[in-house]
4 protein chains.
Amino acid sequence: MPKIVDRDKYRQELLMKSFDLFAQKGYSSITMRQLAQEIGVSTGTLYHYFPSKEALFLQLSAELERQNVMNFLAEAGNPPTLKERIESLFQFVAKHEDHIGKQTLLWIEFNQHQDWSNSGIKEKLQELDEQTISELAKYMQITDRAIVDFVFNLLYGLILRRLFGEETISYSQQGALVGKMLAHHLGEDT
Amino acid sequence: MPKIVDRDKYRQELLMKSFDLFAQKGYSSITMRQLAQEIGVSTGTLYHYFPSKEALFLQLSAELERQNVMNFLAEAGNPPTLKERIESLFQFVAKHEDHIGKQTLLWIEFNQHQDWSNSGIKEKLQELDEQTISELAKYMQITDRAIVDFVFNLLYGLILRRLFGEETISYSQQGALVGKMLAHHLGEDT
Amino acid sequence: MPKIVDRDKYRQELLMKSFDLFAQKGYSSITMRQLAQEIGVSTGTLYHYFPSKEALFLQLSAELERQNVMNFLAEAGNPPTLKERIESLFQFVAKHEDHIGKQTLLWIEFNQHQDWSNSGIKEKLQELDEQTISELAKYMQITDRAIVDFVFNLLYGLILRRLFGEETISYSQQGALVGKMLAHHLGEDT
Amino acid sequence: MPKIVDRDKYRQELLMKSFDLFAQKGYSSITMRQLAQEIGVSTGTLYHYFPSKEALFLQLSAELERQNVMNFLAEAGNPPTLKERIESLFQFVAKHEDHIGKQTLLWIEFNQHQDWSNSGIKEKLQELDEQTISELAKYMQITDRAIVDFVFNLLYGLILRRLFGEETISYSQQGALVGKMLAHHLGEDT
DNA sequence: AATGAATGAGAGTTCATTCAT
DNA sequence: CATGAATGAACTCTCATTCAT
């Protein structure tokens, strides 16, 4: 029972410790008791730092999204061609598939919870997602919104299907495919 | 013998009546009591026809998947070019977006339930999905598995993102895009 | 686990069985679990018959109030003079002090719960109380509202103070006192 | 020695600052945290000055009772007739109805707490009440205990009923009534 | 002396499932 | 076959109190 020095830092710590459990079991399956037990604190402590399960989850989501973009930009390098940059994105997802897959699951479950329909929470989350995508679009230097959506639809669908067992689909293959097609497509248009 | 037919027919009826509720609230939010009440039977009756909530849900999923393919093949016609066939698929999804979206959500929620990790249920569901896709692939006359996956990744991602608020992305636009690209891509390769 | 024949009858039964516990411990001290255990059912059953602890309590209050008036009118007889009728009332309260005291406590606690400030519950309860008083006023043949209030203020105060330990105050003495005074007072006015 | 004075003085201060919150929410609804926050200290500090919530509350009650009598005697003047003195008492209560009502509520809630049945706390509280009444009896120069009780039963009942919504009953009317009756009654007896 | 983080038992409530009728 | 009353474990969240700092 040591006294905590930095409240916000400790909150962060709790957040990160709770990620694995949320990811493994999903938002509604995990209970606050399990969460507390696994983290090694009491439920009371959890509620001392977060007003509710929902709030804890929301903060976690925001934090994860933030880290993701950061990590990608740090790892991705800056290849000259669009094809390479797209492949770089797909490679990044492939490399961190486990982590990103879990996040995607959380994001989906978040969106499903209909109790939150009127609370403005979904809007926050959506905004978060838009931000991420627009930052990545900037990185890839694609300005046409339809193309951006094309790439991310493909990517999300791929993540989703692999998540649920279609493990024969490969990131590198699909990445190469879309890279090549886009190069043609854009090349012709210009 | 006729008894069995009646029994199965009634089961079907219960199934279809339960779809709306499942679609509206999601698997875990709906309770067996609500389900029974809405359908107009007792919980006991529900359990008489289905061994568990899970089983009821699984049967519902299978039924929906079956109907979906059927409807599509009936509506789609048989256009001569690949581009048109793909656009036909995207149009079909656009037209029945509400229905298909809800199904997708159920499918996702189903997959998330970790209690079912070891029960072979997920495998069944996956198989169901594979069947659907392979039938649609046959319709589109695509044989290359990577291309099939490409199209369906895009489609699933699109459905998913529209589901969660990105309503500015359009089915027809993305369908046209992938149709055009694929035509180029395959045209060049052959 | 026998099947219950008459839902409403059984609800009544549960209500009456719960009275003692509520009375002994007060509304907020008693838990639904204790209540269920003592009655000999599960918490689930309690919630099967009553939507909430609050609703259970409200129904109990209404039922008690109803029974009280009924019992009093049955026991009280119909003496010719006001003094005797008042004394009859005080005697009734004295005789059933335990029961009425407990009820009063519940009534008080009910009124205290500020969560219910805006729910119209207090109004219902107040109305219940007014009804009781006006019926008793009719019995005593007092029409002047101020006098009615006088008698009931005295009576409530007496119940309250005895409840909390002042057991030296006597119902018969105070009843006789108010009876005598009122006789004088009203005799002079007429 | 001066330390002790300071300590007690601070305790007093905390006590008075806590009154409003207790009065607003009632004993069991208010939490020690809220109390501390509102007062502007930590929960630790609260527990440094009072061994428990219960003890804090008991001390508060004693203090309030003390102040009440003091204020009344200061405000009441010393009219010559019993009728006037009684009316003076009722007027005092009417004037401070809000404050006294809240106190009464606290006193009631206190008495209800059954955990304290064996702790001698109720006895202390009762004693407190007796003291108050006997001091007020002395002021009114009534020696007959039955009459004293009569007046205070009426008064408590009145406070109670007004507290719970019967706001049509008036202090001055009921005070005048009891004053007049008592004057007759005692006049005749002597 | 003063702080506030930490505790954990216990609150009201829900719900898939069972089984007497 | 059909019913719905009954179960009880498990849920989120609260709060008086303790104690390291």
Side-chain angles (χ1 to χ4, degrees), chain A residues 1-7 10-11 14 28-37 40-56 115, chain B residues 3 6-7 10 28-37 40-56 115, chain C residues 1-7 10-11 14 28-37 40-56 115, chain D residues 3 6-7 10 28-37 40-56 115:
Chain A
M1 306 146 206
K3 202 68 170 296
I4 260 31
V5 194
D6 188 333
R7 218 187 133 88
Y10 191 52
R11 202 203 317 270
L14 293 177
S28 51
S29 288
I30 200 77
T31 73
M32 287 299 261
R33 258 197 275 271
Q34 285 175 329
L35 213 44
Q37 203 160 47
V41 298
S42 66
T43 59
T45 298
L46 236 43
Y47 278 93
H48 188 67
Y49 286 93
F50 307 95
S52 67
K53 190 185 181 185
E54 179 187 316
L56 166 52
D115 315 353
Chain B
K3 284 274 175 182
D6 281 351
R7 203 185 144 88
Y10 191 48
S28 53
S29 288
I30 203 78
T31 71
M32 287 298 264
R33 255 220 268 222
Q34 284 176 327
L35 211 47
Q37 208 158 45
V41 299
S42 66
T43 58
T45 298
L46 235 46
Y47 275 90
H48 187 69
Y49 285 94
F50 306 95
S52 68
K53 191 185 180 186
E54 180 186 312
L56 164 53
D115 316 351
Chain C
M1 309 148 204
K3 203 67 172 297
I4 261 29
V5 193
D6 188 334
R7 217 187 134 89
Y10 191 53
R11 203 205 314 273
L14 293 176
S28 52
S29 288
I30 201 76
T31 72
M32 287 300 264
R33 262 194 273 273
Q34 284 175 330
L35 213 46
Q37 201 160 47
V41 298
S42 66
T43 58
T45 298
L46 235 43
Y47 278 91
H48 187 68
Y49 285 93
F50 307 96
S52 68
K53 190 185 181 186
E54 180 186 315
L56 165 53
D115 313 353
Chain D
K3 285 274 176 185
D6 280 351
R7 202 186 145 86
Y10 191 48
S28 53
S29 288
I30 203 77
T31 72
M32 288 298 263
R33 254 219 268 218
Q34 284 176 327
L35 212 46
Q37 207 158 44
V41 298
S42 66
T43 58
T45 300
L46 236 43
Y47 276 89
H48 187 70
Y49 285 95
F50 306 95
S52 67
K53 190 185 181 187
E54 180 186 313
L56 165 53
D115 316 350

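Throughout, a chain's letter reflects where its sequence line sits, starting with A, and its residues are numbered from 1. Predicted model only: the values in this text are computed from it and were never measured.
Taking side-chain N and O atoms only, D/Tyr10 has no distance below 4.0 Å to OP1 or OP2 of E/dA1. Remark: D/Tyr47 is in phosphate contact with F/dT17, judged by side-chain N or O atoms under 4.0 Å from OP1 or OP2. At F/dA5, none of the side-chain N or O atoms of C/Thr45 fall inside 4.0 Å of OP1 or OP2 (strictly under the cut-off). Contact annotation: A/Ser42 does not reach the phosphate of E/dA6 (side-chain N/O to OP1 or OP2, under 4.0 Å). At E/dA1, one or more side-chain N or O atoms of D/Arg7 fall inside 4.0 Å of OP1 or OP2 (strictly under the cut-off).
In this structure, of F/dA6, E/dT13, E/dA6, it is F/dA6 that holds the atom nearest to the side chain of C/His48.
With sequence neighbours excluded, the residues satisfying side chain to side chain contact (heavy atoms under 4.5 Å, CB included) with D/Phe50 are D/Arg11, D/Leu14, D/Leu15, D/Leu56, D/Gln59. Under the rule for a side chain to side chain contact (heavy atoms under 4.5 Å, CB included), the partners of B/Ser28 that lie at least two apart in sequence or sit in another chain are B/Glu109, B/His113. Under the rule for a side chain to side chain contact (heavy atoms under 4.5 Å, CB included), the partners of A/Thr31 that lie at least two apart in sequence or sit in another chain are A/Arg33, A/Gln34. In this view, B/Thr45 and B/Ser42 satisfy the side chain to side chain donor-acceptor pair (under 3.5 Å) rule, not counting sequence neighbours.
Residue-to-nucleotide contacts include a donor-acceptor pair under 3.5 Å from the side chain of C/Arg33 to the base of E/dA11.
Nucleic acid contact for B/Thr31: sugar-phosphate only, since backbone atoms but no base atoms lie under 4.0 Å from a heavy atom of the residue. If you check every strand for non-hydrogen atoms under 4.0 Å, A/Leu56 touches nothing.
With a 3.5 Å limit on both pairing distances and Watson-Crick or G-U wobble geometry required, the stems of 3 or more pairs in DNA chain E span E:2-21 with F:2-21.
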